Amino acid sequence: MASLTKNPNVNKWVDEMIALTKPDKVVWIDGSEEQLNVLREEACSTGEMIKLNPEKLPGCLYHRTLPNDVARVEDRTFICTSKKEDAGPTNNWCDPKEMYAKLTPMYDGVMKGRTMYVIPYSMGPIGSPLAKVGVEVTDSIYVVLNMAIMTRMGEQAFENLGDTSNDFVRGLHSKANVDPENRYIVQFPEDNTIWSINSAYGGNVLLGKKCFALRIASYQGKNEGWMAEHMLILGIEKPNGEVKYVCAAFPSACGKTNLAMLIPPEVYTKKGYKVWTVGDDIAWLKPGEDGRLYAINPENGFFGVAPGTNEKSNYNALASTRKNTIFTNVAINNDDMTVWWEKLDKNPPVNATEWKGTKVNGPEYIAAGNKLAHPNSRFTAPAVNCPCISPEFNNPKGVPVSAIIFGGRRAKTAPLVYQSFNWQHGTFVGSIMASETTAAAAGAVGVVRRDPMAMLPFCGYNMGDYWAHWLEMGKVLGDKAPKIFNVNWFRTDDEGNFIWPGFGDNMRVLDWIIKRCEDAVDAVETPIGYEPKPEDINVEGLEDVTTETVKGLLSVDKDLWKEDAKGIHEFYAKFGDKLPKELEFELEGLEARLG
Ligand code: GTP
Ligand code: SPV
Ligand code: MN
């Protein structure tokens, strides 16, 4: 099939990939519905995808991956820069030459008997000065159909690139034999290149997402004066119609999609407050002409965690999945070919197929201690489906950011919310983030680990240089910089129950944050930062939470924090002289204030 572009750089690279992988057939993805329909039919005829109930879930498809291929694999993810220190102590590193030499034989002829799909895509709105183009070649229809939802895919991306530019990210993916022993997710930031092999799962293979929009883009952002962050973007509309935008960085499966789409509690909706979603996972941020920081969402859909999503916890996410959505590793209700996952409702299907593909009696299977859906099962839903998608979603300029919020899962240490003293201290607050691990990555769940800015698995260069870049951006933005906050929805009581109701009620905390940005409310200075006066968190309409509860949620246990500071010293020590001295200074300041 003929190429869709005259761009010689693209054509040369695609030819090289064809020569390497030797597919039987090459299909250029133009992005048309006709072409996508042919691929959907083909995938359903081979069993790769399953068509769901056309009345209840129109346009929806189901896919299950191999049980050994259900999450990102951080230990098999590499940053290959010529110098080891440019990848830094938190990334797996390998010399690019060595890595190319190791992987090239694995790709040699890997697409024999298969079709190669060439996917042009734009990360960011078409025509946006902040957008960037990628081309992914893959032997997976599942990847094509997901990229069709997650990105602006097809010929239009080549219009953005033009006929001569060489500024596109080259992504090579083959599922090969889906062999976990030979699975590699490799970024070559210096070559604008990503090679992924032996996986067919989400973040490992939808190369526009974590591999490009975070790992490669964070590296580009450092060199070009912008930032790529693991952040949601939301707009809070106030009763007077004004909209304030905030970005929030939480680690994987720690609540970004939920916060991005929240429905405020009645005390707020009846006054006229509303929340608009711009993005739920990734933000690209750049100073605008007015000197403020502007954010775009490079994605075009949501690759969201299914379990826990329901009418109450996230009405808007659930509504987004009712048409033209792909479900991965959830359970099927065979009576009506719909989908089910833990906490969707209280009625697991009796005639169920669990995520690995075995027919089971749902209630009995669960009673025996099993899960019907994998904990990291996901939906891929088009952003246009979201009832609260922001009118600014496609704005090529992005939205101006008033506040940046960090957060993680901490059972004890971190309070409900606090504000940093300034940008430099805020960078410190982001750098010391820690969170309990989740099912979004392979490995143990529930272990506390440092996850600076929620970027530990996604920073495409030395984290010390990344912090320096943050500090530099603060200098560029000056007094127009967003205010920086930290939140924790996950404090638990002695029985391990979450104390804060979370979800829609997180609006009560956002309210205080916005007021702080407007200088409309006072704060209390504590050793760790500014905290709300407990009575300034609105608890009207809450059943189990009083101002007294809030007071508890805001308490700072100095001994726990002193213990934490020791851990931070150890963590910082890994970075040697790459650690910005400003952060060392902030850590000393914290310890001095703790006494
Ligand atoms: P990634 O897509 O992996 O980056 O995840 P995410 O950060 O978008 O997380 P998501 O919003 O999908 O939430 C993951 C899990 O956290 C779900 O099981 C939610 O039910 C749960 N969760 C989200 N928000 C809250 C909250 O405010 N409180 C509590 N207790 N749980 C929450
Ligand atoms: C995450 O793990 O942070 C995700 C899902 O958003 S994945 O696309 O697999 O990275
Ligand atoms: Mn994520």
Side-chain angles (χ1 to χ4, degrees), residues 65 69-74 77 143 146-147 150 185 196 199-215 229-234 248-262 277 279-283 297 299 301-310 312-314 316-318 320-321 328-329 341-344 373-381 405-411 416-417 435-443 445 451 454-458 487-493 496-510:
T65 61
D69 189 31
V70 293
R72 286 179 294 99
V73 279
E74 295 178 2
T77 300
V143 168
N146 274 276
M147 290 291 280
M150 294 307 296
I185 318 299
S196 161
S199 174
Y201 178 79
N204 297 334
V205 301
L206 309 178
L207 302 186
K209 196 173 176 55
K210 294 305 176 22
C211 302
F212 175 177
L214 288 179
R215 298 197 190 100
E229 300 294 337
H230 193 200
M231 290 178 180
L232 67 91
I233 311 163
L234 67 79
F250 309 154
S252 302
C254 289
K256 288 182 298 302
T257 303
N258 275 272
L259 190 68
M261 298 180 191
L262 81 76
T277 308
D280 82 322
D281 197 48
I282 299 177
N297 173 8
E299 302 190 281
F302 310 119
F303 186 63
V305 180
T309 307
N310 60 51
K312 271 192 128 170
S313 68
N314 197 344
N316 289 317
L318 192 63
S320 306
T321 68
T328 304
N329 295 339
W341 50 76
E342 272 62 28
K343 296 202 187 149
L344 172 65
H374 187 276
N376 192 37
S377 55
R378 299 253 169 183
F379 52 79
T380 317
I405 306 172
F406 295 120
R409 285 179 189 260
R410 293 305 295 269
L416 181 62
V417 58
S435 193
E436 293 154 25
T437 50
T438 65
V445 168
D451 189 351
M455 284 289 279
L456 182 71
F458 307 120
V487 298
N488 178 23
W489 316 138
F490 298 95
R491 267 221 194 170
T492 51
D493 61 20
N497 306 305
F498 296 123
I499 303 169
W500 178 247
F503 301 98
D505 288 311
N506 293 333
M507 176 67 199
R508 300 167 189 275
V509 174
L510 292 180

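When a ligand or atom number is given, it counts from 1 through the structure's own listing order. Values in this document were obtained by computation on a predicted structure and should not be read as measured data.
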Worksheet item: Purely on distance, is any nitrogen or oxygen of Phe303 under 3.5 Å from one on ligand 2?
Response: no
Discussion item. Please give me the minimum heavy-atom distance between Trp341 and Thr309, naming the atom from each residue.
Written reply: NE1-O, 2.9 Å
Discussion item. Show the atoms of ligand 2 that are less than 4.0 angstrom away from any heavy atom in Ala440.
Written reply: 2 (O)
Practice prompt. Please indicate whether any nitrogen or oxygen in Lys210 is less than 3.5 Å from any nitrogen or oxygen in ligand 1.
Written response: no
Response to the item:
When distances are taken from atom 28 (N) of ligand 1, the protein heavy atom at minimum range is Phe503 CE1, 3.8 Å
Worksheet entry | Any donor-acceptor pair under 3.5 Å from Asn310 side chain to Asn314 backbone | no
Practice prompt. Establish, yes or no, whether the cationic atom of Lys256 lies under 6.0 Å from the six-membered ring centre of Phe250 and within 45° of the ring axis.
Written response: no
Practice prompt. Look only at the side chain of Ser196 and the backbone of Val205, and say whether a donor-acceptor pair between them is shorter than 3.5 Å.
Written response: no
Discussion item. Would you compute the distance between atom CG of Asp451 and atom CZ of Phe406 and round it to the nearest 0.5 angstrom?
Written reply: 11.0 Å
Discussion item. Counting non-hydrogen protein atoms only, what is the nearest one to atom 30 (N) of ligand 1? Give residue, atom name and distance.
Written reply: Phe498 CD1, 3.3 Å
Worksheet entry | Numbering as shown, the atoms of ligand 2 that approach Lys209 to under 4.0 Å (heavy-atom distance) | 6 (O), 8 (O)
Fill in: Ligand-side contact atoms (ligand 2) for residue partner Ser252, heavy atom cut-off under 4.0 Å
1 (C), 2 (O), 3 (O)
Worksheet item: Distance only, no hydrogens: is a donor on one side chain within 3.5 Å (strictly under) of an acceptor on the other, for Thr438 and Arg409?
Response: no
Practice prompt. Mind checking whether Phe490 contacts ligand 1 via backbone (N, CA, C, O), side chain (CB onward), both or neither, at a 4.0 Å heavy-atom cut-off?
Written response: side chain
Worksheet item: OG1 of Thr492 to CD of Glu436: how many Å apart, nearest 0.5 Å?
Response: 7.5 Å
Discussion item. Below a 4.0 angstrom heavy-atom separation, can you tell me which part of Cys254, side chain or backbone, both or neither, approaches ligand 1?
Written reply: backbone
Worksheet item: Can you name the nearest heavy-atom pair linking Ala442 to Val73, along with the distance?
Response: CB-CG1, 4.2 Å
Item to complete: Using a strict cut-off of 4.0 Å, indicate which atoms of ligand 1 neighbour a heavy atom of Pro251.
Response: 7 (O)
Response to the item:
When distances are taken from atom 9 (O) of ligand 2, the protein heavy atom at minimum range is Gly203 N, 3.0 Å
Worksheet item: Nearest protein heavy atom to atom 9 (O) of ligand 1, by residue and atom, and its distance?
Response: Gly255 N, 2.9 Å
Worksheet item: Contact between Lys256 and ligand 2, counting heavy atoms under 4.0 Å?
Response: no
Worksheet item: Any N/O/S atom, backbone or side chain, of Lys210 lying under 2.8 Å from the Mn ion (ligand 3)?
Response: yes
Worksheet, complete the sentence: d(Thr77 OG1, Ile185 CD1) to nearest 0.5 Å is 5.5 Å
Worksheet entry | Ligand-side contact atoms (ligand 1) for residue partner Ala253, heavy atom cut-off under 4.0 Å | 1 (P), 3 (O), 4 (O), 5 (O), 6 (P), 7 (O), 9 (O), 14 (C), 15 (C), 16 (O)
Worksheet item: When only distance counts, is Arg72 in polar contact with ligand 2, meaning an N/O pair under 3.5 Å?
Response: yes
Worksheet entry | Nearest protein heavy atom with distance in Å, relative to atom 1 (C) of ligand 2 | Lys210 NZ, 2.9 Å
Discussion item. Using a 3.5 Å distance criterion without hydrogens, assess whether the side chain of Thr277 forms a donor-acceptor pair with backbone atoms of Ala260.
Written reply: yes
Discussion item. Tell me whether Glu342 contacts the main-chain N or O of Ala373 through its side chain, where contact means a donor paired with an acceptor under 3.5 Å.
Written reply: yes
Worksheet entry | From CG (Asn488) to CZ (Arg410), nearest 0.5 Å | 8.0 Å
Worksheet item: Hey, which atoms in ligand 2 end up nearer than 4.0 Å to a heavy atom of Tyr201?
Response: 9 (O)
Practice prompt. Please check if the side chain of Asn316 supplies one atom and the backbone of Met261 the other of a donor-acceptor pair under 3.5 Å.
Written response: yes
Practice prompt. Report, in ascending order of atom number, the atoms of ligand 2 lying under 4.0 Å from any heavy atom of His230.
Written response: 3 (O)
Response to the item:
Among the N/O/S atoms of Asp281, the Mn ion (ligand 3) lies closest to OD1
Practice prompt. Could you list the atoms of ligand 1 found under 4.0 angstrom from a heavy atom of His230?
Written response: 4 (O)
Worksheet item: If we ignore angles and hydrogens, is there a donor and acceptor under 3.5 Å between the side chains of Tyr201 and Asn376?
Response: yes
Item to complete: Mind checking the CG-CG spacing from Asn329 to Asp69? Nearest 0.5 Å is all I need.
Response: 8.5 Å
Practice prompt. Please identify which atoms of ligand 2 are closer than 4.0 Å to at least one heavy atom of Asp281.
Written response: 6 (O)
Worksheet item: What atoms in ligand 1 come closer than 4.0 Å to a heavy atom of Arg378?
Response: 1 (P), 2 (O), 3 (O)
Worksheet item: Among protein heavy atoms, which sits nearest to atom 19 (C) of ligand 1, and what does the distance come to when rounded to 0.1 Å?
Response: Asn258 ND2, 3.7 Å
Worksheet item: Does Pro307 come within less than 4.0 Å of ligand 1, judged by its heavy atoms?
Response: yes
Worksheet item: Atom CG in Leu207, atom NZ in Lys209: separation rounded to 0.5 Å?
Response: 12.5 Å
Practice prompt. For ligand 1, indicate whether the residue Arg409 contacts it via side chain, backbone, both or neither (heavy-atom separation under 4.0 Å).
Written response: side chain
Practice prompt. Would you sort out whether Leu510 and Leu262 count as a side chain to side chain contact (heavy atoms under 4.5 Å, CB included), showing the intermediate values?
Written response: CA-CA 11 Å; Leu510 292 180; Leu262 81 76; 3.9 Å; yes
Worksheet item: For ligand 1, which atoms, with element, lie under 4.0 Å from some heavy atom of Asn506?
Response: 27 (O)
Worksheet item: Any idea which atoms of ligand 1 are less than 4.0 Å away from a heavy-atom of Lys256?
Response: 1 (P), 4 (O), 5 (O), 6 (P), 7 (O), 8 (O), 9 (O), 11 (O)
Worksheet item: With atoms numbered from 1 as shown, which atoms in ligand 1 lie under 4.0 angstrom from a non-hydrogen atom of Asp281?
Response: 4 (O)
